[in-house]
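Chain identifiers are assigned alphabetically (A, B, ...) following the order of the sequence lines, protein sequences preceding nucleic acid strands; residue numbering begins at 1 within each chain.
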2 protein chains.
Amino acid sequence: MDEQTLLKLDNQLCFTIYACSREISRLYRPLLDKLGLTYPQYLVLLILWEQQESTVKELGELLYLDSGTLTPMLKRMEAAGLIIRERSSEDERKVIIRLTEQGRDLREKATCIPKALLTQSGISREEFIRLLNQCKQLLERVHQLNEKFR
Amino acid sequence: MDEQTLLKLDNQLCFTIYACSREISRLYRPLLDKLGLTYPQYLVLLILWEQQESTVKELGELLYLDSGTLTPMLKRMEAAGLIIRERSSEDERKVIIRLTEQGRDLREKATCIPKALLTQSGISREEFIRLLNQCKQLLERVHQLNEKFR
DNA sequence: TCAAATTTAATTGTGTACAATTTAATTTCC
DNA sequence: GGAAATTAAATTGTACACAATTAAATTTGA
């Protein structure tokens with residue numbers, strides 16, 4: 001591939017992933033709207049459903065987001081009654097994020113979402129797993145690179 | 001895979017693509033900063049470098065973005081002297097987007113970007129093409145689904 | 001021990017994203 | 001020919017995303 005070809009929009013892996021990300025979010029939207037969630041908020045809940053509590057820092061590491069994004073988002077989720085934000089008494093720098101009853105209960109309404117989307121997309125499990133692994137590899141590599149250049 | 005497994009963050013293809021998209025953008029950032037561009041602005045220029053001119057509608061179709069995103073973005077690019085926005089005289093509803101000299105000249109400074117990133121990421125050409133094709137397929141499918149449900 | 005360095009969130013400012021609405025121009029179709 | 005429907009951008013309002021800075025707590029090291 002020469003430079004001209006690489007420069008073409010059509011061949012930009014980055015563009016395809018960027019567009020994919022937004023189109024998949026759009027697919028989630030009608031389902032998440034019913035729960036009153038945005039996609040990034042749903043990701044926060046996925047973490048809290050697994051491990052009961054977290055901190056802003058940990059959420060940021062898991063989701064690749066910083067406090068500039070998380071703080072206002074978590075405030076909105078707190079206002080919606082899904083979570084509680086509380087300074088850690090052990091280390092006052094940290095803010096602990098916990099689910100409320102309401103936040104915990106939402107899990108049952110959400111369990112159908114991943115399967116619904118997998119079915120809807122018509123993608124086979126094999127294909128799904130293969131693509132997931134490839135994307136994970138790419139994510140890992142690019143993330144390493146970004147860490148290195150900081 | 002059962003529902004519990006699917007619900008885990010770690011297995012969310014959607015999350016991986018979402019995180020990938022942002023991490024790749026971060027990899028572009030230092031290169032694009034030198035040109036005074038954001039990643040979406042770079043995508044607009046990729047199109048205009050290929051086809052001289054476009055419209056807001058066409059840019060939206062190619063980039064999967066609507067006028068609510070494009071209008072302010074194109075205004076910023078016009079203010080930066082990269083493009084000109086002009087109502088079509090044939091159809092006054094349309095706004096034609098054209099490159100300025102400055103916008104055209106930026107192309108040479110940008111040609112090195114795709115190759116630099118490909119090299120940097122350590123991904124082989126075969127891998128690159130395979131992943132690109134798989135992502136394209138997924139994008140196509142998800143896009144079709146979104147169109148169907150509108 | 002205590003000042004300097006580091007860590008953690010919050011804040012500030014800019015730039016996307018996108019749903020919903022509005023405005024103006026063009027098409028359709030009776 | 002002209003009202004109704006459609007189309008294309010712009011506007012409005014909300015919610016991320018992220019760089020850069022600030023503020024407060026904790027850790028480090030001479």
J.: Can you measure from OG1 (A:Thr69) to CG (A:Leu63) and round to the nearest 0.5 angstrom?
T.: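 One finds 10.5 Å between OG1 of A:Thr69 and CG of A:Leu63.
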J.: So, taking the atom named NZ in A:Lys57 and the one named CG in A:Asp66, what distance separates them when rounded to the nearest 0.5 Å?
T.: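 With rounding to 0.5 Å, NZ (A:Lys57) is 12.5 Å from CG (A:Asp66).
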J.: To check you understand the geometry: which heavy-atom pair defines the closest contact between B:Cys135 and A:Leu13, and what is its length?
T.: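 Here B:Cys135 and A:Leu13 meet closest at SG-CD1, 4.4 Å.
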J.: With heavy atoms of chain A within less than 4.0 Å as the criterion, where does contact along DNA chain C begin and end?
T.: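 For DNA chain C, the relevant span reads C:dT7 to C:dA19.
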J.: Decide whether A:Leu82 and A:Leu32 are clustered together by the hydrophobic rule: side chain heavy atoms of Ile, Leu, Val, Met, Phe, Trp, Tyr closer than 4.5 Å, transitively.
T.: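 Yes; A:Leu32 is reachable from A:Leu82 via cluster members.
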J.: Report yes or no: do A:Ile84 and A:Val95 belong to one cluster of Ile/Leu/Val/Met/Phe/Trp/Tyr joined by side chain heavy-atom distances under 4.5 Å?
T.: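 No, it is not one cluster - the side chains of A:Ile84 and A:Val95 are not joined through contacts under 4.5 Å.
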J.: For A:Pro40, give me all partners under side chain to side chain contact (heavy atoms under 4.5 Å, CB included), at least two apart in sequence or on another chain.
T.: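 Here the qualifying residues are A:Thr38, A:Met73, B:Tyr18.
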J.: Only counting residues at least two apart or in another chain, list the ones meeting side chain to side chain contact (heavy atoms under 4.5 Å, CB included) with B:Gln137.
T.: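 For B:Gln137 the side chain to side chain contact (heavy atoms under 4.5 Å, CB included) partners, ignoring immediate neighbours, are A:Glu127, B:Arg141.
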J.: Let me have a per-nucleotide readout for nucleotides 10-23 of chain D, 5' to 3', with B, S or -, counting only protein heavy atoms under 4.0 Å.
T.: BB---SSBBB----
J.: Applying side chain to side chain contact (heavy atoms under 4.5 Å, CB included), name anything that partners B:Glu101, two or more places apart in sequence or on another chain.
T.: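 Only B:Arg104, B:Asp105 meet the side chain to side chain contact (heavy atoms under 4.5 Å, CB included) criterion with B:Glu101.
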J.: Could you tell me which residues satisfy side chain to side chain contact (heavy atoms under 4.5 Å, CB included) with A:Asp91, sequence neighbours excluded, listed by chain and number?
T.: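 If we apply the side chain to side chain contact (heavy atoms under 4.5 Å, CB included) test to A:Asp91, skipping adjacent residues, the hits are A:Ser88, A:Arg93, A:Lys94.
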J.: Using 0.5 Å steps for rounding, measure from the OG atom of B:Ser121 to the CD1 atom of B:Ile24.
T.: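 With rounding to 0.5 Å, OG (B:Ser121) is 8.5 Å from CD1 (B:Ile24).
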J.: Given Watson-Crick or G-U pairs with both distances under 3.5 Å, what dot-bracket string fits DNA chain C, with | for other-strand pairs and [ ] for crossing?
T.: ||||||||||||||||||||||||||||||
J.: Can you list every salt bridge (charged side-chain N to carboxylate O under 4.0 Å, His left out) pair that touches residues 129-139 of chain A, not counting sequence neighbours?
T.: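 Those involving residues 129-139 of chain A are A:Lys136-B:Asp10.
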J.: Under the side-chain hydrogen bond (donor to acceptor under 3.5 Å, both in side chains) definition, can you give me all pairs with a residue in residues 78-87 of chain B, not counting sequence neighbours?
T.: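 As it turns out, the side-chain hydrogen bond (donor to acceptor under 3.5 Å, both in side chains) pairs with a partner in residues 78-87 of chain B, which skip direct neighbours, are B:Glu78-B:Arg85, B:Glu86-B:Arg98.
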J.: Please produce a list of atom pairs where a protein N or O lies less than 3.5 Å from an N or O of nucleotides 3-5 of chain D.
T.:
none

J.: Kindly assign one of parallel, tilted or perpendicular to the pair B:His143 and B:Tyr64, based on the angle between their ring planes and the thresholds 30° and 60°.
T.: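 Correct class here is perpendicular.
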J.: Which side-chain N or O atoms in residues 44-52 of chain A pair as donor and acceptor under 3.5 Å with protein atoms at least two apart or in another chain?
T.:
residue : atom : partner  : partner atom : Å
A:Trp49 : NE1  : A:Gly103 : O            : 3.0
A:Glu50 : OE2  : B:Leu9   : N            : 3.4
A:Gln51 : NE2  : A:Glu53  : O            : 3.2
A:Gln51 : NE2  : A:Glu58  : OE1          : 2.9
A:Gln51 : NE2  : A:Glu58  : OE2          : 3.2

J.: Output one line per pair: protein atom, nucleotide atom from nucleotides 24-27 of chain D, and distance, for all N/O pairs under 3.5 Å.
T.:
residue : atom : partner : partner atom : Å
D:dT26  : OP1  : A:Glu92 : N            : 3.1

J.: Of the non-hydrogen atoms in B:Leu131 and A:Leu131, which two are nearest, and what is the gap between them?
T.: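 Smallest heavy-atom distance, with atoms named: CD1-CD1, 4.3 Å.
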